[in-house]
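Atoms within each ligand, like the ligands themselves, are counted from 1 in listed order. Computed over heavy atoms, backbone and side chain alike; hydrogens, waters and symmetry mates excluded.
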Amino acid sequence: MLHLVVCIKQVPDSREIRIDPKTNTLVRQGVPAIVNYYDLHALEAALSLKDEYGARVTVISMGPPSAEKALKQCISMGADEGVLVSDRAFAGADTLATSYVVALTIQKVEDTWGTVDLIFCGKQTLDGDTGQVGPGVACRLDIDQLTYVEKLESLDMENRVITVHRHLEDGVERIRAKLPVLITALSELNRPRRASLPGVLRAARYKPIVWSTKDFPDLDRTKIGLKGSPTIVSKTWVPEPRQVNTEVITTDDAEAACDTLVHRLSEVGLAETLCWS
Ligand SMILES: Cc1cc2nc3c(=O)[nH]c(=O)nc-3n(C[C@H](O)[C@H](O)[C@H](O)COP(=O)(O)OP(=O)(O)OC[C@H]3O[C@@H](n4cnc5c(N)ncnc54)[C@H](O)[C@@H]3O)c2cc1C
């Protein structure tokens with residue numbers, strides 16, 4: 001049976017984060033924590049393969065104890081097991097340290113439940129937004145990576161070959177790869193399912209497995225958390241709101257309005273950029 005691992009991160013719902021106009025700082029209070037948007041697409045991809053071929057789906061996350069809730073949501077959607085890797089020593093990790101711990105976790109998942117055939121990640125997170133963890137994990141595990149995947153075309157179980165479509169800036173790439181591979185999911189890949197009632201009931205009783213530093217005997221402590229992070233965020237700030245001067249073209253003559261619009265855009269050098277010149 002296929003063994004699929006989905007990497008998820010619990011993130012603050014950025015749609016709910018506001019900027020306080022007086023202090024110009026982010027208002028995070030009361031902002032709900034959600035499963036990263038792209039990770040739900042990664043999970044759906046794994047669950048669809050499970051529906052079609054039968055598979056074991058293990059969801060993993062490195063994060064604080066509160067991330068258990070995110071794992072339970074994945075269980076309610078149909079994942080078989082949820083593993084939370086949580087320890088103060090992991091805190092403050094940059095993407096290099098995060099990918100180290102996520103890769104170690106996948107190796108331990110493999111030792112515990114058998115060979116992993118496919119690893120799914122989101123394209124990026126809503127908070128860190130770097131898109132580096134998936135590729136980093138693939139490099140550390142020394143397996144191929146298929147990033148920006150918008151379609152799973154087919155899976156040849158006999159030859160262990162997957163065919164996907166990758167979204168590129170100027171087109172689509174159809175690519176075949178031998179398992180095991182790591183895939184990073186775009187939102188075009190699918191539409192995440194809603195939790196089923198049996199899923200919700202199972203999730204309500206389910207307790208995710210929690211692993212800490214003690215569960216990784218070969219852990220290199222110089223590679224985790226703040227100590228293992230070569231990058232340091234030295235300062236964060238909210239960008240100044242942009243000043244926008246709006247001009248409304250008011251005329252009943254649509255053609256004249258268009259002419260005026262194109263003229264104004266040329267004046268500020270935008271018409272060419274927009275290929276309207
Ligand atoms: C320069 C820099 C410095 C940072 N310093 C700090 C710091 O000091 N303290 C701090 O708390 N954070 C810090 N962060 C944030 C932290 O590195 C990221 O949250 C974390 O490394 C994941 O990166 P990301 O959010 O950009 O994920 P991305 O690379 O955008 O994530 C891509 C995908 O990888 C998977 N993934 C990502 N994170 C996890 C995870 N934790 N568990 C399982 N799967 C995951 C998901 O599938 C996700 O969709 C820093 C980030 C950067 C870029």
> Which is it for Val11 and ligand 1 at heavy atoms under 4.0 Å: side chain, backbone, both or neither?
Replying inline: neither

> Could Glu188 and Lys151 be called an ion pair, given the rule that one side-chain N must be under 4.0 Å from one carboxylate O?
Replying inline: no

>> Need the ligand 1 atom indices (1-based, order shown) with element for anything under 4.0 Å from a heavy-atom of Gln124.
In response: 30 (O), 32 (C), 49 (O)

> Which heavy atom of the protein is the closest neighbour of atom 10 (C) of ligand 1, given with residue, atom name and distance?
Replying inline: Gly92 CA, 3.7 Å

> Is there any N or O on Gln132 that sits under 3.5 Å from an N or O of ligand 1?
Replying inline: yes

> Does some non-hydrogen atom of Ser61 fall short of 4.0 Å from ligand 1?
Replying inline: yes

> In the protein, which heavy atom is nearest to atom 16 (C) of ligand 1, and how far is it?
Replying inline: Ala93 O, 3.1 Å

>> side chain to side chain contact (heavy atoms under 4.5 Å, CB included), that's the test. Do Ile162 and Leu152 meet it? Break it down for me.
In response: CA-CA 8 Å; Ile162 189 158; Leu152 298 185; 4.3 Å; yes

>> Residue-level breakdown please: for Asp39 versus ligand 1, do any non-hydrogen atoms fall below 4.0 Å on the side chain, on the backbone, on both, or on neither?
In response: side chain

>> Which residue and atom name correspond to the protein heavy atom nearest atom 39 (C) of ligand 1, and how close is it?
In response: Lys9 CB, 3.9 Å

> With His165, which of Glu150, Glu173, Glu153 fulfils side chain to side chain donor-acceptor pair (under 3.5 Å)?
Replying inline: Glu153

> Within the structure, does Cys7 bring an N/O atom to less than 3.5 angstrom of an N/O atom in ligand 1?
Replying inline: yes

> Gly63 near ligand 1, heavy-atom distance under 4.0 Å?
Replying inline: no

>> List ligand 1 atoms under 4.0 Å from Asn36, heavy atoms only on the residue side.
In response: 49 (O)

> Near Tyr148 OH, under 6.0 Å, is it more than 12 heavy atoms from other residues, nucleotides or ligands?
Replying inline: no

> Would one find an N or O of Phe120, backbone or side chain, under 3.5 Å from an N or O of ligand 1?
Replying inline: no

>> For the 3.5 Å polar cut-off, considering only N or O atoms, please tell me whether Gly131 and ligand 1 meet it.
In response: yes

>> Distance under 4.0 Å to a non-hydrogen atom of Thr231: what atoms of ligand 1 satisfy this?
In response: 1 (C), 2 (C), 3 (C)

> Which atoms of ligand 1 sit under 4.0 Å from any heavy atom of Met62?
Replying inline: 40 (C), 41 (N), 42 (N), 43 (C)

>> Between Thr115 and His3, is there a side-chain donor-acceptor contact under 3.5 Å, judged purely by atom types and distance?
In response: no

>> Between Glu44 and Arg191, does any NZ, NE, NH1 or NH2 come within less than 4.0 Å of an OD or OE carboxylate oxygen?
In response: no

> Looking at atom 36 (N) of ligand 1, what's its closest protein heavy atom, distance included?
Replying inline: Val133 CG1, 3.7 Å

> Does Asp87 pair with Lys214 as a salt bridge, N-O distance under 4.0 Å?
Replying inline: no

> Would you call Asp39 and Lys9 a salt bridge, taking side-chain N to carboxylate O under 4.0 Å as the test?
Replying inline: no

> Can you find a side-chain donor-acceptor pair between Gln132 and Thr95 that sits under 3.5 Å?
Replying inline: yes

> By number and element, which atoms of ligand 1 are closer than 4.0 Å to a non-hydrogen atom of Asp127?
Replying inline: 25 (O)

> Would you call the rings of Tyr38 and His41 parallel, tilted or perpendicular, where under 30° means parallel and over 60° means perpendicular?
Replying inline: tilted

>> Any salt bridge linking Lys178 with Asp156? Criterion: basic side-chain nitrogen under 4.0 Å from a carboxylate oxygen.
In response: no

> Which residue supplies the protein heavy atom nearest to atom 45 (C) of ligand 1, what is that atom called, and how far is it?
Replying inline: Ile8 O, 4.1 Å

>> My understanding is that we take every heavy atom of each candidate and find the minimum distance to atom 27 (O) of ligand 1. Doing that for Leu96, Asp129, Thr125, which one comes out nearest?
In response: Thr125

> Purely on distance, is any nitrogen or oxygen of Thr130 under 3.5 Å from one on ligand 1?
Replying inline: yes

> In ligand 1, which numbered atoms sit nearer than 4.0 Å to a non-hydrogen atom of Thr95?
Replying inline: 17 (O), 21 (O), 23 (O)

